[in-house]
Each structure stands twice: as structure tokens, then as C-alpha cells.
Peer 1: 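The structure is given below, and queries will be raised subsequently.
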Number of protein chains: 2
Amino acid sequence: MKRKHQSIDAPQRVRMIDVARAAGVSTATVSRVLSNAGTVKPDLAERVMEAVRRTHYVPDSTGRALRRQRSDVWAVIVSDIQNPYFSRLVASIEQIATANGLSIVLCNTGEDLDRERRFIANAISQRMCGVILTAASEADENVELLTRARIATVVVDRRVGSYEGDSVLLNNVLVGRLAANHLIERGHQRVLCLFGPSAASTTFDRYLGFQAAWTEAHRDRHGLQLVETNIHAGGARQATASALARAHPPTAIYAANAVLSMGVYRAVQESGRRMPEDVSLIGTDDADWTTMVSPQVTLISQPVEEMGTRAASILLERMEDPDGEPHHVVVSPSLIERETTGATIAP
Amino acid sequence: MKRKHQSIDAPQRVRMIDVARAAGVSTATVSRVLSNAGTVKPDLAERVMEAVRRTHYVPDSTGRALRRQRSDVWAVIVSDIQNPYFSRLVASIEQIATANGLSIVLCNTGEDLDRERRFIANAISQRMCGVILTAASEADENVELLTRARIATVVVDRRVGSYEGDSVLLNNVLVGRLAANHLIERGHQRVLCLFGPSAASTTFDRYLGFQAAWTEAHRDRHGLQLVETNIHAGGARQATASALARAHPPTAIYAANAVLSMGVYRAVQESGRRMPEDVSLIGTDDADWTTMVSPQVTLISQPVEEMGTRAASILLERMEDPDGEPHHVVVSPSLIERETTGATIAP
DNA sequence: TTGTAAGCGTTATCAG
DNA sequence: CTGATAACGCTTACAA
């Protein structure tokens, strides 16, 4: 019996030593062949490859990871995998990871800082070679852990406090500006703006951008009603309903995230108002429903796949060169004009 | 210098031996404390825990995985993470995995058998402790690999050839029956049925169920127009448009999967027909758009979260007891009646 | 160019 | 109940 502590019936796995024996070489040679060291004579290398095939050898990543002090795995930490934005992000990252022989472990924080911390501890414990993080808050203590552990990291979607490493962010100020300008151009004077919880940097920047554009256009700031609601569509629905019921209802509504957009659309439909004749709507983020409904939703769209792809590419680079200059990519949103906003309204 | 092959500036990680020294015990004792072996005297254990805290020790999973011959990771293999059905499935599995101290690596096959095989090889290579698989085809060669490697496996959503292990499936015959009976009860005689590629067991069973119910109700089989389209919504759109343009158009349409449902809905809207007055529609799978549109879509719904939860629980069990009786869970779909099907039509 | 052998950090056997 | 120690499978410095 060659190996101890092995139960009798468990089929023994083929190890590198078995391949080595089958090929009549040492494990060092097998290892060199498999990792393309290129320092092995062609005929020997071929003999090894032949033995690999004959024995159905599958390298054991756990041994490899221990020896190399890192495993070929990325952690992708997002706040809600069910949000289409994040599933598209994850899908685009996964594609690049897989193409480079890496696996990704999916971590769903649900915006919970404590879960985030545990996922990061886990990434460190498993000696993962990279992390892509959409942080649950601006607090930087969690991402600090990664920096200290010297794990290649790219922050995506949300800014993190004093973090200075690689990041791929959306120009969220521009998101707000695009929305504001579109409505301003069409003559709107009374606008309801709905934002999500302001903990996220995305929310705050959109708010900033909208307000800046409004002010620059010399619009009366009293015409702007800014509401911060919770992340559920219900809040937006209610806020919209009560705003529409007032004496001087808004002529346009801006919903600063995907969930809010659904709530607002529903509320407007329920109120019996027509879009865009009675009230205009600008939403945020592509989603199936925005083109299935009638009228289709005018919205601000993010280049999600691009963000995922850029983040993954940067992470690959960073793994090669841990101490290079950090990349700070900022991508731009775009306005997709459809049917919930229309012609210029009377002043 | 205690450790070789270590670059000068890389901060040394705290190992178990460091904790052991800090607590004045052996690594064996530290290990026992951390794995709750319970065979350590309380005061000693407390001393160890104190040392763990003081040194900020984080166990190294790679060493652990090598020694234990398995890592605390599940692979979840799905065909399309962007499909809400799968993101919900993954989310529910992830929840249970995380609660049990396990990570999940996400594998996106895009229905590609070769990618599936590579993901499975990777699961074996990484000595993952479990796999949840929504197979890309009925062919069983890939899942065979898992069985041979003695990795706990649960097959979800689609049947796999001769596989006899644990599975969590939807009663897809019932899916077809529910749809058919709903339409039959309302007096429909001419129905257009759209199915996806028949490679998937889900498609075929739905087809079987629909047809069985139709026959049992003694409906003329010529009233049934069965069309198999590709997975893209475009195909469904076209098939619907041409069917509606005929002399005797169908009075109802059944779309057997989520993508098809979108295509059909669009095509009906474009044709100017009203639902349900001119034509009824039964779709498949919950999705945001189905309740955002007007009229809202009557559809067959799957208990996705239940499927994920059951699969994960079974996998946990199987890890404990590799040779127990396989579980074969079959969950039932339900009809959600909304607005695209209506009152009985004249015969 | 190839082989030898020393670890990587952990767990589990065995002896005390 | 605790400690010493031998693996786990792989990579790589060093020797030949």
C-alpha cells in the first residue's frame, strides 16, 4: 500500500508520480511539460503527454495552490446577483476569466457589510489570485484587508472611500446631467426626482449631476422635488402617486435606478396619466420590461458588459504586475430616447 | 530566515504554527480547537482562541484542502446566468452554501457541452465537494465524470440520460397540461404552440403534456399547430406574426419558455390584436415584464427558489452520506391567471 | 536537459 | 488530553 489514510474502496486518483512512472521520467519533468516550461526535449515531452493521456491524469489544483501560494480563482463580489445589471456584469467577467483558465466564485452580499467581510476573508483564506468588488459601502475597511493581503483587486460600480487601487466606474454625475438636460430641453419646470439610499456613491453623484444641470439652466430650484426612497419599488410607487395627486403635479419624473423606474412606471399607469402627454419619465438601466411596455421607457443606459470586460482585463494585468500604476477607468452612460418623453411642452 | 523561496518584501502570513507558538501549544492542538474537535480542555482552548485573535490568524484553505483531499466549494453549472430563472436558482443555492461555510463557483456553459466538460474537469481538479448541474444535454458522459470522481452531485432542471443520482426536476408534463387545460376550458379550438429546441428534456415534456391534455379533451388535433423555434425571441415573433395573418388564425397561443413568451407578446402587440379579446396568450416563467405590461401575462410559473433550496439541501445530505438512496424530487408548476386569457369564447 | 529533494500549511495517526 | 510527526500533490532551487 503506497498511500496511508486512504479507505480501501475509494478509487485512487492518478497523481503526477504515476504519470512520471508511466513515462519513465521524474515528476519534475512532468511538471515542466505541463506548465510549458519549454525546457524539456521534444521527444521526452511527447512521451510525457502520451502518458498523461494514457493515465487520464487530471492535475490536482489543491497541491498546486499550496505549493504556489495562490489558486487560479477570482472572487466576484456583488450586492445582488438577481439584479440584471449584476448578472450581466458577472457574465462578462466570467467569460474572460474562463478564457484565461481561471474560475470565479460568486459572492452575493445583499449589501451586507458583514457578509462582504466574510467573503473577503474567504478570498484571502483560499489564496485567490484576484477579486472584483462592487462594495457594499464607501467604508474601506474591507477592501483594506485585500490590499494588506496583497491580492489583486478591482473595484467596480461604486467608489470606495480612500481606496486608490484599480477601479472601473460609471460617470454617475453625467447620468444625472443627461437626464436633467433631456428634460430641460423639453421645457419641463416641475420635476420629481427619485433617488435610492444615498449610502451608495452612485446615488449621490447622480443627484449632484442632476442638480448641477438644473442650476446651470437657471431653472427655479423650487421646481425640483428631490426624494430619497428605499430600495424597494413600493416606495417609488407611493412617492409618485402622492406627487401626481398634488395641485401642481410634476410634468416629468426622473428615477435614478432600475428598481425605482419600475415603481414609477407602475404608479403613473395606475394614476391613469398618459406618458409622455401628461407626464414624462426618464428611467435608469436597460431591462426587458422597458421595451416590452407601451410606451417604451426613455432611459439612461450603462455599458455594463464593457465595465465587466474592462475590470477583468485590468485584473489580469494587475496579477502580472502587482506594483504598476493603478488604472482608473470611467465609462460614460448614454441616453436612450424612447417613448415616455416627448415633444417640448408649453412653458 | 524560517521560510525559503519567499521574496523579502512579501509580508509573511500568520500560520498555524505561529498561533501555536503564541499560545505555547502544538499545531495539533490549534487544529483541534479550530475544528471544534471538542477534545481540548476549555482553558487551553481559550488560550488558543486568544492567540488566534491576537495574531489575526486566518486559516489557509489550500493547505487544508490538500490534506483533507477536498475543498469546501461547490460548482454550480448553469447554461445562462443572465436568464432570470438561473440567477434566481443560483442565488437560492448560494444562500444555503454560504450559510454552511461553503463557497460556490459559478460556471456558465452557454449550452456548450465542451465548456461543460471543462467546468466538470475543473471541479474534479479542484477537489470540490459538490456540484449542482443543469446539464447542457441529455448526454451523460459529462456527469459520468463526476460519478467516477465520487463527487456529490445534484442534477437540476433538466433530465440527464441514464443518470440515476439525485435530481430536482419540474413536472414539465404538468406544465403543458396546465396550459392546455386552461385554454380548453375557455373553449379554444385553434391553438398555436411554440416550443424551444427539443434537445432539452423540459421542452419535450411540455410538448407531451400539452398534446396529451388536448387529446384527452377530444379536441381536433388539426386545431393544434405545433412549432419548434430556436432559442431567440425573433423566431417566436415571426411564427406568431405569420400564424395571425392566416385565414383562420389561432384564438390562443402557448409559449413554452420565457424567451418565446416575450417574442409572442411583442408579435401580438404589433399585429394590433387585443388580448384576450382577439387572441389569448399563456406564457412561461415569471419575469418583471410580465406584470409591467398591459394586459399582464397569464403564465405557468416554476417554484425556482424551492428548486434551488431543495437541490442545495440534498447536496449537503449527500456530502454526509455518499452512498444513501438517491433523492428524486419533482416539483410542480402552477398557473398564474392574469389578463392575457379571459372569458370563455364562442365555440 | 533532467533528477533529487525540500518544502507549501494543514490534518490525523499514533504514542505518551 | 496533548504533542510529535508523517503525509497530502505539486513546484522549483539546486545538483548532476
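In the text below, chain A, chain B and the rest are named by the order of the sequence lines, each starting its count at 1.
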Peer 1: Roughly, in whole Å, what's the span from CG in Asp60(A) to P in dA7(D)?
Peer 2: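 Computing the Asp60(A):CG to dA7(D):P distance gives 18 Å.
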Peer 1: When only distance counts, do a donor and an acceptor, one from the side chain of Arg67(A) and one from the base of dG9(C), lie under 3.5 Å apart?
Peer 2: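 Between dG9(C) and Arg67(A), which were checked side chain against base, a qualifying N/O pair under 3.5 Å is absent.
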Peer 1: Base of dG9(D), side chain of Arg68(A) - is there a donor-acceptor contact under 3.5 Å?
Peer 2: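 For Arg68(A), whose side chain was compared with the base of dG9(D), there is no donor-acceptor pair (under 3.5 Å).
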Peer 1: Would a distance-only check, ignoring hydrogens and angles, find a side-chain to backbone donor-acceptor pair under 3.5 Å from Arg127(A) to Leu66(A)?
Peer 2: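 No; zero donor-acceptor contacts below 3.5 Å.
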Peer 1: Expressed as a whole number of angstroms, how long is the span from Met16(A):CE to dG9(D):P?
Peer 2: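 My rounded result for the distance is 12 Å.
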Peer 1: Quick check against the 3.5 Å criterion: does Arg158(A) have a side-chain atom that pairs as donor or acceptor with the backbone of Ser201(A)?
Peer 2: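 No.
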Peer 1: Want to settle it: does Thr62(B) or Ala28(B) sit nearer the 5' end of DNA chain C, counting the closest nucleotide to each?
Peer 2: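 The residue mapped nearer the 5' terminus is Thr62(B).
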Peer 1: Just the rounded figure in Å: distance from P of dG7(C) to CZ of Arg13(B).
Peer 2: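 These atoms are roughly 20 Å apart.
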Peer 1: So, is Gln69(B) near the phosphate of dT10(C), with a side-chain N or O under 4.0 Å from OP1 or OP2?
Peer 2: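 For Gln69(B), the contact criterion (side-chain N or O under 4.0 Å from OP1 or OP2 of dT10(C)) is not met.
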Peer 1: Check Pro59(B) against Arg13(B) and note the closest heavy-atom contact, atom names and distance.
Peer 2: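 Distance-wise, the nearest heavy atoms are O-NH2, 3.7 Å.
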Peer 1: Keeping Arg54(A) on the side-chain end and Ala22(A) on the backbone end, is there a donor-acceptor pair under 3.5 Å?
Peer 2: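 The answer is yes, because a donor-acceptor pair under 3.5 Å joins these two groups.
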Peer 1: dC1(D) phosphate, OP1 or OP2: any side-chain N/O from Thr29(B) under 4.0 angstrom?
Peer 2: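 No, no such contact exists.
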Peer 1: If you pin Lys41(B) and Gly63(B) to their nearest nucleotides in DNA chain D, which one's is more 5'?
Peer 2: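 Final value for this comparison: Lys41(B).
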Peer 1: Looking at every non-hydrogen atom in both residues, tell me the closest pair between Leu106(B) and Val90(A) and how far apart they are.
Peer 2: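 Closest approach of Leu106(B) to Val90(A): CD2-CG1, 3.7 Å.
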Peer 1: So, OP1 or OP2 of dG9(D): does either fall under 4.0 Å of a side-chain N or O from Tyr57(A)?
Peer 2: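 It does not, given that no N or O in the side chain of Tyr57(A) lies less than 4.0 Å from OP1 or OP2 of dG9(D).
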Peer 1: Please report, rounded to the nearest Å, how far the P atom of dC10(D) is from the CZ atom of Arg32(A).
Peer 2: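 Atom CZ in Arg32(A) sits about 15 Å away from atom P in dC10(D).
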Peer 1: Output the rounded distance in Å from CZ (Arg15(B)) to P (dC8(C)).
Peer 2: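 In whole Å, dC8(C) P lies 7 Å from Arg15(B) CZ.
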Peer 1: If the cut-off is 4.0 Å, is Arg64(B) near the phosphate of dG9(C), judged by side-chain N/O to OP1 or OP2?
Peer 2: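 Arg64(B) to dG9(C) OP1/OP2: no side-chain N or O under 4.0 Å.
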Peer 1: Whole angstrom is fine here: how far is it from CZ in Arg21(A) over to P in dG9(D)?
Peer 2: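 The answer, rounded to whole Å, is 12 Å.
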Peer 1: What is the separation between atom CZ on Arg127(B) and atom P on dT10(C), rounded to the nearest whole Å?
Peer 2: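 Checked: the CZ to P distance equals 18 Å.
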Peer 1: Starting from C1' on dC10(D), measure out to CG on Asp72(A) and report it in whole angstrom.
Peer 2: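 To the nearest whole Å, that distance equals 13 Å.
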Peer 1: Would you indicate, yes or no, if dA4(D) has its OP1 or OP2 atom less than 4.0 angstrom from a side-chain nitrogen or oxygen of Ser26(B)?
Peer 2: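 So the side chain of Ser26(B) is outside the cut-off, no N or O lying under 4.0 Å from OP1 or OP2 of dA4(D).
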